[in-house]
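The sequence lines fix the lettering, A, B, ..., with proteins before strands; numbering per chain opens at 1.
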There are 2 protein chains.
Amino acid sequence: MTVPVDGHLPPEVQALPLEISVYAQPENSIGYLLRMGFRGFSTMLERKTSTHGVSSGQWRFLRQLWIEDGPTQRELSVRVGMREPTTVVAVNSLVKSGLAVREPSVEDRRKVHIRLTPLGRSLQATLLPMVADVNDRATKGLTKAEIATLLRLLRHINGNMAQELEQIGGDAVP
Amino acid sequence: MTVPVDGHLPPEVQALPLEISVYAQPENSIGYLLRMGFRGFSTMLERKTSTHGVSSGQWRFLRQLWIEDGPTQRELSVRVGMREPTTVVAVNSLVKSGLAVREPSVEDRRKVHIRLTPLGRSLQATLLPMVADVNDRATKGLTKAEIATLLRLLRHINGNMAQELEQIGGDAVP
DNA sequence: GGACTATGGTTAGAGTTCTAACCATTAATT
DNA sequence: AATTAATGGTTAGAACTCTAACCATAGTCC
């Protein structure tokens, strides 16, 4: 097995400027670090919420419905940032689990409103503490100031990327 | 449609301590911010690499093979942090695209080594600048010091979560 | 040496998400 | 009013990822 030591890169990569070749190490890429972080977060949270029958796929939609109950399926898609087919299956799943219902609109027969059941609504008080707990564990050892900085920097790069994708792709983030 | 204004939360959620109820807003959760960031990053990068026929699924494995060529499939799984069935399909895909080959081990007939083709290896010089570009766009407007801080904080929370998941789950991050 | 156990890889089936194509309903235009 | 546009939702098919079950090979232990 060929294991190049740090800095032992093929000639055409060595020829690249240092600002580029640092990315040969994934740990130097923000994308990689975000991915690892997200996966860890998602896993930890799902382990907790699954005890109440809530999967990570349902979670994002449930959270949005707590903020705004009764949107159309299209509106829900936009708020959550997912494409419509994704919303279809997520809502199917919420309905199947008894957390939400589909309610056909009366003034426009194309539209369907998604509404929480009492069960779905009641879960907020149960599940929010779990998010808090996972956030706490993730930030253990950081000061409040550092956490605030992290939030600010993350929001900044997310803003940058939303802007890039909007002007270039002209479309939502898949 | 019911749109609760900020702070207009159901009684059982209002009853929660403030440290918990802040998470009613996704923008206050690190997990949400990581997820958005990762998705933006992944989308931007894939738009570029796909012009060379490299998908985001292949990307992570390719990057690891650039660091260490010829691992067994099991070793590759561990390095990349994916489960074995995931590696099977990823390697299938790399082989199909002519970027890597499966090479049965001679000393242990259970093992299979994964080795880059010249094409797969040559892509490093082409694709690394793309990662650099996406990182640059994502961090536009941040100082070098802020970027360094972001990397440090992300590595810190990733370390925390790896530790949590190791001791509690006893298993890899899905 | 033959029966357990461990290791490496694969297959089967599921969940989450996407794009593309489609159908139903409403709005706009001529 | 009839045709065309736009809007809301669904279905079909794919990519990526997982868990669980499985097969093949190698190592261990009586």
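- For the pair A:Arg39 CZ and C:dT17 P, the interatomic distance rounds to 14 Å; values are reported in whole Å.
- C:dA20: Watson-Crick or G-U partner is D:dT11, with both key distances under 3.5 Å.
- Atom CE of B:Met82 and atom C1' of C:dT10 are 19 Å apart (whole Å).
- C:dT26 makes up no base pair with any nucleotide shown, lacking Watson-Crick or G-U wobble contacts both under 3.5 Å.
- For D:dA5, the glycosidic angle deviates from 0 by 90° or less, giving a syn base.
- Looking at A:Gln73 and A:Thr87, their side chains never bring a donor and an acceptor atom within 3.5 Å of each other.
- B:Arg102 and B:Asn92 share a side-chain donor-acceptor pair at under 3.5 Å.
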* To do: Under the side chain to side chain contact (heavy atoms under 4.5 Å, CB included) rule, what do A:Leu65 and A:Leu94 come out as? Steps first, then yes or no, please.
  => CA-CA 11 Å; A:Leu65 290 172; A:Leu94 289 175; 4.1 Å; yes
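- With no hydrogens or angles considered, no side-chain donor-acceptor pair links A:Ser55 and A:Glu46 at under 3.5 Å.
- Using a cutoff of 4.0 Å between basic side-chain nitrogens and carboxylate oxygens, A:Glu75 and A:Lys111 are not scored as salt-bridged.
- Contacts between residues 54-63 of chain A and DNA chain C, defined by a heavy-atom separation under 4.0 Å, are made by A:Ser55, A:Gly57, A:Arg60.
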* Asked: What one-letter contact string describes nucleotides 2-9 of chain C from 5' to 3', where B marks a base within less than 4.0 Å of any protein heavy atom, S marks contact via sugar-phosphate atoms alone, and - marks no contact?
  -> ----BBBB
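- Aromatic ring orientation, B:Trp66 versus B:Trp59: perpendicular (interplanar angle above 60°, classes split at 30° and 60°).
- Atoms CG (A:Asn92) and P (C:dA14) sit 16 Å apart, rounded to a whole Å.
- Put simply, B:Arg109 has a side-chain N or O that comes within less than 4.0 Å of OP1 or OP2 on D:dA26.
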